[in-house]
A.B. asks: 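Questions regarding the structure given below will be posed in turn.
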Amino acid sequence: MTEESDPDDGANAGALDVETDIDADAESDGSGEPRRAFWADEVADEIEARDPEEPIVIKGGVSPSGVAHLGNFNEIMRGYFVAEVLRERGHEVRQVFTSDDRDPLRKLPRKLADVDGKIVGLGDVDAGALGRNLGRPYTDIPDPFGESESYAAHFAALLKADADRLDVPVEMLSNTEMYEAGEFDEVVAHVLERADVAREVLSGYQSKIDEDYVPFNPICGDCGKITETVTSVDVDAGTVEYVCTDMTVGDETIEGCGHEGTATFREGKLPWRFEWPAQWQILGVDFEPFGKDHAEGSWPSGADIARNVLEIEPPVPMVYEWFTLNGEALSSSAGNIVTVAEMLELLEPEVLRYFFALNPRKARDFDVSRLDQFVDDFDRFERAYFGGVDDESLTAFAERAYPFVVDEIREDRIRLPYTFAAVLGMTDNRDLRIEMARNEGYFDDDTPEWAIEEALERVDRARAWAEREDNEYNYRIQESLPDVDLDDDVEAALDELADFVETGQDGEEIQGEMYETARRHDVEVGDFFEAGYLLFFDQPQGPRLGEFLGELDTEFVVARLRRKS
RNA sequence: GGGCCGGUAGCUCAGUUCGGCAGAGCGUCUGGCUUUUAACCAGACGGUCGGGGGUUCAAGUCCCUCCCGGCCCGCCA
């Protein structure tokens, strides 16, 4: 459960005092066990130690505000790995994700994502329509893109689509639908019957709880906003009476309409601190990961409320650290967010899944500019699974985590190093890509077609990365002659190479001739290649040059080698 | 102010549960490879484990304290 609706509204980050709980639970599973190489195994141990009923329920959830970004995926992926471990151990597992869509829209998001996961500004949609709906549940607000049933449905669809992209089977649940179907009735009645106990427990965490506090927020029958002022409760009738008063959100006020009315338990919601434990009860949740922001607020009070108000055992908790994006906090207003869909243009799904398999307790940076390094890490992790890395702890981790990261375990898969893939991406010619990879020894005559196909998928992604980052791998043939300063002997060698190319030679011959030409002119081979790279790419390095030149228009190559154009 | 999590090589990170030689990959440098070109092989360089103090035969690991970053301690989620 992460709020993370809009990181700007301050919620976030974490901490863990959850420790106490985790430690306490751990005691029951005996001590002296060797430390698990994969955190999901440790969590699974804790869950099993509680002897849960089948199916084991794993939950995540988020309030559907703003953009469904990569950070939200902690909610789904952390739970997923635990679910998979438990399934492997023979348990039936149900992974659910609540869209906490009865929450009111409290603030206009600055960024939204369209149906394709593309981020757009508020200016691209009907912002006025959103503004008029401040204070109303997300499910009662029209989809700004005019496609889904509601703002909430749009957002949930995005998350579901992303989960599908990562091949995670998760059941999406709408909080509003659960209220409307009466699933909350019993627990709302229970909480309101024991409102005194509820107040007492919660007041241990929130100083503002007074005698008049009623743990239920009805929806105003007139203006449709979530209200906070309940004047009386009739548990037997299943109703509350309320006055629609102003609601303070940060330093802004959402005006109430003054309407006085009656609402059933299905026409409102529990405040978050109660709603979360109520979800645990209704859904029978055994495990729930949450962001560090909940670790010291919602979790301790939620666990307390679960035990002492609802009289249920709270789920096994797990706090995950937030990650930063390019060194900065995820922030939709600052535009510092990426979506799963965007990242899948740059990374294979398994590489993205790997990111979430890493230690959740470690704050880490998702640095798009160094994705190459991250992909290298993944490749190494993959090799470690197959026993190819001399690193005990990595291998132990890979043995457990890798099978849950990839869709299928296939040892003969070929991974082109990401930066090399980026280099291949400079040409759209598939045959040339294969030829260059073959020359570097990644493919041979026995390489099956499927392995080549899969390996080449990375090329398009690495190419997209190079373009997105506009980094040194963003090779472009220079349309006009770059401004280069060359030594006389290098120039003479280039002229001679031009003569050779002009006679119509293929790539391999050009490559071989480059060595010969350099030697004849007493030029360092390295210097000669560098001159070639500068002429064609305005970069000191590049792909295997001869083969590449062999694919280009001969006239163009000859002219460029002669520094004519 | 109180609390929680994080801080290990230039970069990305293991290692901290339960004290036992300071580690890996990448990058850098050097050498080799008779096509070395974002390739391979070998080797080297690289660290006050955030600082300080303490316990111990022994501390990245345990204790105290301080610094830095993030978060919680209002509301909301």
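To find a chain, count down the sequence lines: A is the first, B the second, and so on, and within it residues start at 1. Fair warning: this is a prediction, and the values are worked out from it, not measured in the lab.
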A.B. asks: Quick one: which of B/U35, B/A77, B/U37 gets closest to the side chain of A/Arg273?
C.D. replies: B/A77
A.B. asks: Is A/Arg106 side chain donor-acceptor paired with the B/C76 base, going by distance under 3.5 Å alone?
C.D. replies: yes
A.B. asks: Can you tell me, in whole Å, how much space there is between the C1' of B/A14 and that of B/G6?
C.D. replies: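 Here B/A14 and B/G6 have their C1' atoms 16 Å from each other.
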A.B. asks: By the 4.0 Å heavy-atom rule, please label A/Gly512 as base, sugar-phosphate, or nothing.
C.D. replies: nothing
A.B. asks: With heavy atoms under 4.0 Å as the rule, sort A/Gln206 into base, sugar-phosphate or nothing.
C.D. replies: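 Sugar-phosphate, no base atom in range.
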A.B. asks: Answer yes if the side chains of A/Thr139 and A/Asp101 hold a donor-acceptor pair under 3.5 Å, and no otherwise.
C.D. replies: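 The answer is no; no qualifying pair exists.
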A.B. asks: Remember a base hit wins even if backbone is also touched, and classify A/Phe528 as base, sugar-phosphate or nothing at under 4.0 Å, heavy atoms.
C.D. replies: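 The residue A/Phe528 makes no contact with any strand.
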A.B. asks: If you look at every strand shown and take non-hydrogen atoms under 4.0 Å, does A/Gly526 touch a base, only sugar-phosphate, or nothing?
C.D. replies: base
A.B. asks: Using a 4.0 Å heavy-atom cut-off across all strands, classify A/Phe420 as base, sugar-phosphate, or nothing.
C.D. replies: sugar-phosphate
A.B. asks: Under the rule for salt bridge (charged side-chain N to carboxylate O under 4.0 Å, His left out), what residues qualify as partners of A/Arg415, not counting sequence neighbours?
C.D. replies: A/Glu348, A/Glu350, A/Glu382
A.B. asks: What's the spacing between A/Arg433 CZ and A/Thr427 OG1 if we round to 0.5 Å?
C.D. replies: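 Answer for the CZ-OG1 pair, A/Arg433 versus A/Thr427, is 6.5 Å.
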A.B. asks: Output one letter per nucleotide in nucleotides 20-32 of chain B: B when a protein non-hydrogen atom lies under 4.0 Å from the base, S when only the sugar-phosphate is that close, - when neither is.
C.D. replies: ----SB-------
A.B. asks: Look at the side chain of A/Tyr385 and the backbone N and O of A/Arg380, then say whether any donor-acceptor pair between them is shorter than 3.5 Å.
C.D. replies: no
A.B. asks: Considering only atom C1', compute the distance from B/U30 to B/C67 and round it to an integer number of Å.
C.D. replies: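 39 Å, rounded to whole Å.
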A.B. asks: Report the relative orientation of the aromatic rings in A/His294 and A/Trp272; use parallel for angles under 30°, tilted for 30 to 60°, perpendicular for over 60°.
C.D. replies: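 Plane angle between 30° and 60°, so tilted.
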A.B. asks: Run the salt-bridge test on A/Lys269 and A/Asp103 with the 4.0 Å N-O cut-off and return the result as yes or no.
C.D. replies: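 A salt bridge links A/Lys269 with A/Asp103.
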A.B. asks: Using the C1' atom as the point on both nucleotides, what is the distance between B/C64 and B/U55, in whole Å?
C.D. replies: 11 Å
A.B. asks: Should B/G6 form a Watson-Crick or G-U wobble pair with both distances under 3.5 Å, which nucleotide is its partner?
C.D. replies: B/C68
A.B. asks: Salt bridge check, A/Glu321 against A/Arg361: does any charged N sit closer than 4.0 Å to a carboxylate O?
C.D. replies: no
A.B. asks: Distance check, C1' atoms only: B/U48 and B/A9, in whole angstrom units.
C.D. replies: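 Straight-line distance between the two C1' atoms is 13 Å.
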A.B. asks: What I want to check is whether an N or O donor and acceptor connect the side chain of A/Glu296 with the base of B/G3 at under 3.5 Å.
C.D. replies: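 Side chain to base: pair found, below 3.5 Å.
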A.B. asks: Please work out if A/Ser298 contacts a base, only the sugar-phosphate, or nothing of the nucleic acid, heavy-atom cut-off 4.0 Å.
C.D. replies: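 Counting heavy atoms under 4.0 Å across all strands, the contact made by A/Ser298 includes a base.
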A.B. asks: At under 4.0 Å between heavy atoms, what does A/Arg370 touch on the DNA or RNA strands: base, sugar-phosphate, or nothing?
C.D. replies: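 Sugar-phosphate: the residue A/Arg370, judged by heavy atoms under 4.0 Å, touches backbone atoms but no base.
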A.B. asks: Contact class for A/Tyr473 (heavy atom, under 4.0 Å): base, sugar-phosphate, or nothing?
C.D. replies: base
A.B. asks: Out of B/C13, B/A77, B/U37, which has the shortest distance to the side chain of A/Arg364?
C.D. replies: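 Within the option list, the nearest is B/C13.
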